Amino acid sequence: MSSKPSFLVLLILSFQPLIFCLYTNSASPPTVCIIGSGIGGSSVAHFLRRYFHPTHSQPNPPNFKIFERGSVVGGRMATVSIGGETFEAGASILHPKNYHALNYTKLLGLKVKSRPSSEDDDTMSFGIWDGKKFVFKTLQVDSKFPLVQKIVSFVNSFYLFFRYGFSLLKMNSFVESTVDSFLKYYESPETRPIFETVDGMLKWAGLYNLTTRTLQDELIDIKLSPLLIEELVTVITRINYGQSVYISGLAGAVSLAGSGGGLWSIEGGNWQMAAGLINSSDVSLHLNEEIESISYLGEYYELSSTKGNSYSCEVTVIATPLDEVNIQFEPLVSIPERKLQHTYATFVRGLLNPAYFGLGTVAEIPELVGTLEDPDLPFSSISVLKQHGEKDVTYKVFSREPMTDALLDSIFSARLQTIRINWGAYPHYKAPEVFAPFILDGQQLYYVNAFENAASTMETSAVAAENVARLILSRYFSEASLHSTNLESFSLDADILHLDL
């Protein structure tokens, strides 16, 4: 019998490297690198993992790497601890119709935080400070009896109506109309397009025109009273965005929506949404690692970090504002110039000084002090977070500039603890808005935060991230990956619409 190998064996052996190469290529999943571990970055990983459908060419889901320059995840969602209590330091409120956040809460088993009485919309006293006096104050009665609280709430509603009239109803209608348009982003993926530009995404929902004009112009057009715009609307935009009524109309409407009823947060901190999504998406997390350069090398991107490490990524997603990071791109990418609005959050455990407000006792100071638009006013708002005792209270102060010790000592009669945080919180809105693209280089480099020029909230970041995830699946993994059953698996659960907030 001949010892020579048969022709068939030789044929198999000669093609073995090719077979091995083909098998290796098909079996090796691509790597998606995400810069930023906030709600945007974590949502991209979550939706890519949820929506991915195996195909012949891509049988395995992608690998995920998330890079976070800080020591904890969450981005602009963070907490502070004062006197054994935990308080939101960054993004703090969610709207009852923030359906992605509601879905995350249910999916991750998180607990909705019930608002303490001092933060309840109906009982929390409110005043508008012009720098010399309170131009408006609600009735303030310290009573735990529900009947008394209802009477106080009714009287305060009358006060507001007496001052601002039917303009309050017009303002509410403006906000509801905007929210209804935003709800189109939760429609079935079968009828909802995938958007390559923010402009297209906004036009489809009927929201684009609101970004071309100021909030003030929009409110004047619907005949809101000048007093309401000058006082209440201004107070709200200063608290929620640190800016005036000259912000764009859409950002202004979102700001007004963030002052309504039913607002909620996550027990223990909203950052847990990002942490939970990252943990459930099988992500390789790189904390304390800042990406300093991104180079496109034809088939993949090379990311270099400040630690001296390099990473190869077929797809790269930037989920942090590019305005104040120093990432070098090769080749260069071009985005519209944008400035971030810095908000200084100062937490003080102590007691306010009634003399600063021209009052005789601390009890006369409203629990929420808003301010008018005046460059001489040193703060945007002061609110009570927790009443520990008669002379021991934790406050949150928002301002556009850092609060010096001398200034704080004039506003507070006692300070036991002070924590200062400087947030590059949101864009400085200016109508008409100009948007960066979702796709930065025409290849596989994506930018979630392009949507922030429309409005900046936890939910808008999640909405933008969901669109970017679908964009990646359609462009890199082909249309076949956008399998309808996978998309429907994360459709809105009817149960969350009845979640007790």
Side-chain angles (χ1 to χ4, degrees), residues 92-93 95 121 124-138 156-157 159-176 178-179 210-211 213-261 263 339 341-346 357 365-383 396-401 403 411 423 425-431 433 455-457:
S92 59
I93 56 172
H95 189 274
D121 296 326
M124 190 175 193
S125 58
F126 166 67
I128 301 175
W129 174 251
D130 70 357
K132 297 178 181 177
K133 63 183 182 304
F134 283 101
V135 298
F136 177 80
K137 276 178 66 177
T138 58
N156 285 333
S157 297
Y159 277 175
L160 283 167
F161 186 78
F162 182 78
R163 188 169 184 85
Y164 303 119
F166 287 101
S167 283
L168 288 169
L169 302 180
K170 294 177 184 177
M171 181 178 75
N172 188 57
S173 177
F174 169 72
V175 172
E176 287 186 352
T178 305
V179 170
L210 284 172
T211 69
R213 306 176 71 218
T214 68
L215 174 63
Q216 184 180 56
D217 289 340
E218 292 290 338
L219 298 182
I220 289 174
D221 272 7
I222 61 173
K223 297 182 169 30
L224 250 66
S225 75
L227 187 64
L228 178 60
I229 298 173
E230 179 187 343
E231 292 185 355
L232 192 59
V233 174
T234 294
V235 166
I236 293 169
T237 58
R238 282 172 64 86
I239 291 174
N240 288 337
Y241 278 137
Q243 297 168 66
S244 73
V245 293
Y246 292 104
I247 63 176
S248 58
L250 181 54
V254 169
S255 178
L256 293 174
S259 65
L263 304 177
K339 188 175 81 171
Q341 177 72 39
H342 278 251
T343 288
Y344 296 85
T346 306
F357 298 97
I365 305 173
E367 292 165 294
L368 172 59
V369 178
T371 55
L372 301 180
E373 187 62 30
D374 184 337
D376 293 329
L377 284 169
F379 61 88
S380 299
S381 66
I382 301 176
S383 58
K396 179 194 281 187
V397 184
F398 281 148
S399 60
R400 294 175 182 171
E401 299 293 337
M403 303 287 285
I411 298 174
W423 290 110
Y426 15 68
H428 183 82
Y429 293 105
K430 184 179 180 181
E433 295 288 353
S456 179
T457 68

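Everything numeric here is computed off the predicted structure, so don't read it as measured data.
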Heavy-atom closest pair, residues [X] and [Y]:
{"X": "Thr346", "Y": "Met403", "answer": "OG1-CG, 3.6 Å"}
{"X": "His95", "Y": "Ala257", "answer": "CD2-O, 3.4 Å"}
{"X": "Gln243", "Y": "Tyr426", "answer": "NE2-CD1, 4.0 Å"}
{"X": "Gly242", "Y": "Gln341", "answer": "O-NE2, 3.5 Å"}
{"X": "Thr371", "Y": "Val235", "answer": "O-CG2, 3.6 Å"}

Show me the side-chain donor-acceptor pairs of residues 164-174 shorter than 3.5 Å, one per line, residues at least two apart or across chains.
from: Tyr164; atom 1: OH; to: Glu231; atom 2: OE1; distance (Å): 2.6
from: Ser167; atom 1: OG; to: Ser225; atom 2: N; distance (Å): 2.8
from: Lys170; atom 1: NZ; to: Lys223; atom 2: O; distance (Å): 3.4
from: Asn172; atom 1: ND2; to: Glu176; atom 2: OE2; distance (Å): 3.3

Looking just at side-chain N and O atoms, do Ser125 and Glu367 make a donor-acceptor pair shorter than 3.5 Å?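 Present: a donor and an acceptor within the cut-off.
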Looking only at side-chain N and O atoms, does Ser456 offer a donor or acceptor that is under 3.5 Å from a partner on Tyr241?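 No - no donor-acceptor pair under 3.5 Å links their side chains.
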How would you list, by chain and number, every residue that makes a side-chain contact (heavy atoms from CB on, under 4.5 Å) with Lys396, sequence neighbours excluded?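 If we apply the side-chain contact (heavy atoms from CB on, under 4.5 Å) test to Lys396, skipping adjacent residues, the hits are Ser92, Phe347, Ser383, Leu385, Phe398.
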Assess whether atom OH of Tyr246 is packed by more than 12 heavy atoms of other residues, nucleotides or ligands within 6.0 Å.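 It does not: Tyr246 OH has 12 such atoms or fewer within range.
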For Tyr429 and Thr237: C-alpha separation, side-chain torsions, deciding distance, then whether side chain to side chain contact (heavy atoms under 4.5 Å, CB included) applies. CA-CA 11 Å; Tyr429 293 105; Thr237 58; over 6 Å; no
Side chain to side chain contact (heavy atoms under 4.5 Å, CB included) for Phe379 and Ile411? Distances and angles first, verdict last. CA-CA 10 Å; Phe379 61 88; Ile411 298 174; 4.1 Å; yes
Verdict with supporting geometry, Leu160 and Phe136, side chain to side chain contact (heavy atoms under 4.5 Å, CB included): CA-CA 9 Å; Leu160 283 167; Phe136 177 80; 3.7 Å; yes
